[in-house]
Amino acid sequence: MPELPEAETIVRGLRAHILNSRILSIDFPRARYFRPQFEEPVEHYLESRIIDIFRHGKSVIIQVKTLEEAERFLVIRLGMTGQLLLGDHTDRHTHAIFCLDSPGMRLCFRDSRQFGKMLFVKDWRPIFRSQKTLSLRHQKKAAPEAYALNKLNRQPFTLPASDPLKISAGEFLSIFWKRRGMIKAALLNQHLLVGVGNIYADESLFAARIHPKQRIQRLSKQRLLKYFTLLVKILNNAIDLGGSSISDFVGATNVLGEFQLEHRVYGRTGEKCLRRGCSGLIKHTVVSSRSTHYCPLCQRRI
DNA sequence: ATATGGCCCTGGTTGC
DNA sequence: TGCAACCAGGGCCATA
């Protein structure tokens, strides 16, 4: 499943090939099954130029400049099986095709499980906070039609500002220090920190020797700081290796990642712990309804 | 504030 | 071999 390193891998692949390209046409061949969300008509994006491609958490963001010199954004949430591929990749799972001005150049969005989202918005930045969520709920009862519309418009703004590769250790502490609940549940909570998903939560917790169900409030500042250091190290390492190709993930040029070869707990249920001198067997459990892997000897609850 | 479970969806795996 | 049941889970939502 694409997490931060996979999104970053895709972004790097796209940057190398389609920066400064012009979008000639946009097609949604399976509009019955996949509906992008628009703040304004898709026509406004035609003939626009791609001026930047970056990532926020697990989302890939393409910034364009329209013919009227207006900045617009295309936010792509890859979900579980989303792929952004350069070239001709038209099949029954292709939901969006962007023809670009480079000869024969296309950008295709494939997503077999259809958990992915594509949003055409004026601004991607996170200006939507929990208080507004509350007012939106009231609106749902009072005026259902307006609610549906606002929900659509506001969805892109639910992206929070924190990104493990962009925040400082101090900021990380301010989010997690003395927080209640299980550490893995908090790591997966994208309202707190964007980018960490199931694989990298398991792998980083193993590296820091923290049990996935560890109560956060019982962890010392030092322990959390150490964890943050290891998390960033693992994410960077995974980016260097082109991400983890577990089921569907490939980079923009259809290349496989290699970080799955470095996994020490994820998907290794029942196998021997890889830490030298440890005889533990990797256990499987469930946290936040996500399958969770850890070594019961290395990662003890305190 | 935190926890839980359902929903969306398809492809791969398991079991009879 | 065939077919059905089950599982994978990111993000969102309702409910407790």
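Values below: all heavy atoms of this structure, side chains included; hydrogens, waters and symmetry mates excluded.
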Footprint ends on DNA chain B, 5' to 3', for atoms under 4.0 angstrom from a heavy atom of chain A, come out as B:dT2 to B:dG11
A:S244 meets the side-chain hydrogen bond (donor to acceptor under 3.5 Å, both in side chains) criterion, sequence neighbours left out, with A:Y200, A:H263
Applying salt bridge (Lys or Arg N to Asp or Glu O under 4.0 Å) to A:R72 and not counting sequence neighbours gives A:E40
A:E3 atom CD is separated from C:dA8 atom P, nearest whole Å, by 16 Å
For the pair A:E3 and A:K58, find out whether any cationic side-chain nitrogen is under 4.0 Å from an anionic carboxylate oxygen. no
**Asked** Is any side-chain N or O of A:K117 closer than 4.0 Å to OP1 or OP2 of C:dG10?
**Response** no
5'-most contact on DNA chain B (nearest-nucleotide basis), A:R180 vs A:R92, goes to A:R180
- Message: Base, sugar-phosphate or nothing for A:S291? Non-hydrogen atoms, less than 4.0 Å.
- Response: sugar-phosphate
When rounded to whole Å, the NE2 to C1' distance for the pair A:H293 and C:dC7 reads 12 Å
Is A:S289 touching bases, backbone alone, or none of the nucleic acid, heavy atoms closer than 4.0 Å?
nothing
Students should find that the end-to-end axis angle of the helix from B:dT2-C:dA16 to B:dC16-C:dG2, with five pairs defining each axis and rounding to 10 degrees, is 50°
For A:G197, report the nucleic acid contact type (base, sugar-phosphate, nothing); a contact means any heavy atom under 4.0 Å. nothing
inquiry  = Check the phosphate of C:dG10 against A:R290, side-chain N and O only, distance under 4.0 Å to OP1 or OP2. Yes or no?
reply    = yes
No-hydrogen, no-angle side-chain donor-acceptor test under 3.5 Å, A:H293 and A:D202:
yes
Quiz prompt | Between A:E171 and A:S174, a side-chain donor and acceptor under 3.5 Å | solution = no
Is the closest side-chain donor-acceptor distance between A:S288 and A:K184 under 3.5 Å? no
For A:T285, the side-chain hydrogen bond (donor to acceptor under 3.5 Å, both in side chains) test, sequence neighbours excluded, returns A:K213
Worksheet item: Just checking A:Y200: base, sugar-phosphate only, or nothing, at a heavy-atom cut-off of under 4.0 Å?
Response: nothing
In whole angstroms, the gap separating P of C:dG9 from CD of A:Q190 amounts to 15 Å
Here the distance between atom P of C:dC12 and atom NZ of A:K58, to the nearest Å, is 10 Å
Report task. May I ask you to check whether A:F228 and A:F176 place their ring centres under 6.0 Å from each other? Result -> no
| message | Using salt bridge (charged side-chain N to carboxylate O under 4.0 Å, His left out), reason through A:E8 and A:R55 one step at a time and then give a plain yes or no. | response | CA-CA 6 Å; A:E8 181 66 26; A:R55 165 194 73 70; 2.8 Å; yes
Stacking between C:dG10 and A:F115, yes or no? Criterion: centroid separation under 5.5 angstrom, plane angle under 30 degrees. yes
A:N189 CG to C:dC13 C1', in whole Å, measures 14 Å
A:Q114 atom CD is separated from C:dG9 atom C1', nearest whole Å, by 15 Å
Taken to the nearest whole Å, CG/A:L192 to C1'/C:dG11 is 14 Å
The side-chain contact (heavy atoms from CB on, under 4.5 Å) partners of A:K221 (sequence neighbours excluded) come to A:L173, A:W177
